[in-house]
Amino acid sequence: MSNTQAMCTSFKGEILSGIHALGTTVIRAGTGADTLKAALYLASATVNAATTAYSATNEVSGTGYSAGGVTVTNANPPATAGTTGYWTPSASLTYTTVTLTTAFDCVLFYNSTQSNKAISAHTFGSQTVTAGTFTLTMPVSDASNALIRIA
């Protein structure tokens, strides 16, 4: 099997239940915005729409990489345009000074505040990094380009 880019099916139901707070402020009973994280997965992993939570199984490992990935900079509030709701992290994801010699091709966004519940999986070309910085540049946060779009 291989990784497949998708918004996690569990996330779709959870957003309708008010589980996730992707915004910079919180309307529900919580006292702050949730902490989102981004973990990298091996090309041989199976991360897809059926993924319900972060797992270290088949996550990359190597010098300078911490299990669980990096914290996502979340200063963009979710927005809408027409019939589309959308959201994108406010900064690129950067894994600095890492050596990841086994091929990886997927990042899983997940909500570490809410029991590591999965949000979405995104695939890209297979990568390796040797003593360098790996950056995933985030798209423009609008209804046509945002990382997460619900139409």
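With sequence neighbours excluded, no residue forms a side chain to side chain donor-acceptor pair (under 3.5 Å) with N58.
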Atom pairs and distances, donor-acceptor, side-chain atoms in residues 144-151, under 3.5 Å, two or more places apart:
| from | atom 1 | to | atom 2 | distance (Å) |
| --- | --- | --- | --- | --- |
| N145 | ND2 | D142 | OD1 | 3.0 |
| N145 | ND2 | D142 | OD2 | 3.2 |
| R149 | NH1 | S144 | O | 2.5 |

Side-chain atoms of residues 60-76: list all donor-acceptor pairs with protein atoms under 3.5 Å, sequence neighbours left out, distances to 0.1 Å.
| from | atom 1 | to | atom 2 | distance (Å) |
| --- | --- | --- | --- | --- |
| Y65 | OH | L40 | N | 3.0 |
| Y65 | OH | E59 | OE2 | 2.7 |
| N74 | OD1 | W87 | NE1 | 3.1 |
| N74 | ND2 | L22 | O | 2.7 |
| N76 | ND2 | T88 | O | 2.9 |

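A side-chain donor-acceptor contact under 3.5 Å links N3 to the backbone of L42. Panel note: side chain Q114, backbone S112; no donor-acceptor pair is recorded below 3.5 Å. With hydrogens and angles ignored, the 3.5 Å screen pairs a side-chain donor or acceptor of S55 with a backbone N or O of T57.
Scanning all heavy atoms of the two residues, the minimum distance from Q5 to H122 falls at OE1-CA, 3.8 Å. When every heavy atom of T84 is checked against every heavy atom of Y86, the shortest pair comes out as O-CD2, 3.9 Å. Closest non-hydrogen pair, A118 versus T51, comes out as CB-O, 3.5 Å.
One finds the CG atom of N116 at 10.5 Å from the OG1 atom of T35 (value rounded to the nearest 0.5 Å). Summarising the geometry, atom CG belonging to L36 is positioned 9.0 Å from atom NE2 belonging to H20; distances are rounded to the nearest 0.5 Å. Atom SG of residue C8 and atom CZ of residue F109 lie 11.0 Å apart, to the nearest 0.5 angstrom.
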* Check the pair T4, T123 against side chain to side chain contact (heavy atoms under 4.5 Å, CB included), reporting the backbone distance first and the verdict last. => CA-CA 7 Å; T4 306; T123 57; 5.9 Å; no

* side chain to side chain contact (heavy atoms under 4.5 Å, CB included) between N111 and D34, intermediate numbers included -> CA-CA 7 Å; N111 188 332; D34 291 347; 2.8 Å; yes

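Hydrophobic cluster membership differs between V47 and I119, with clusters built from Ile, Leu, Val, Met, Phe, Trp and Tyr side chains linked at under 4.5 angstrom. A continuous path of hydrophobic side-chain contacts links V98 to V107 [ILVMFWY only; heavy atoms under 4.5 Å]. Both Y41 and Y110 belong to a single network of hydrophobic side chains, linked directly or stepwise wherever heavy atoms of I, L, V, M, F, W or Y lie under 4.5 Å apart. At a threshold of 4.5 Å between side-chain heavy atoms, the hydrophobic network of Ile, Leu, Val, Met, Phe, Trp and Tyr places V129 and L93 in one connected group. Under the 4.5 Å side-chain heavy-atom criterion for ILVMFWY residues, a single connected hydrophobic cluster contains both M138 and F124.
Residues T128 and L100 are not in side-chain contact: their nearest non-hydrogen atoms beyond the backbone lie 4.5 Å or more apart.
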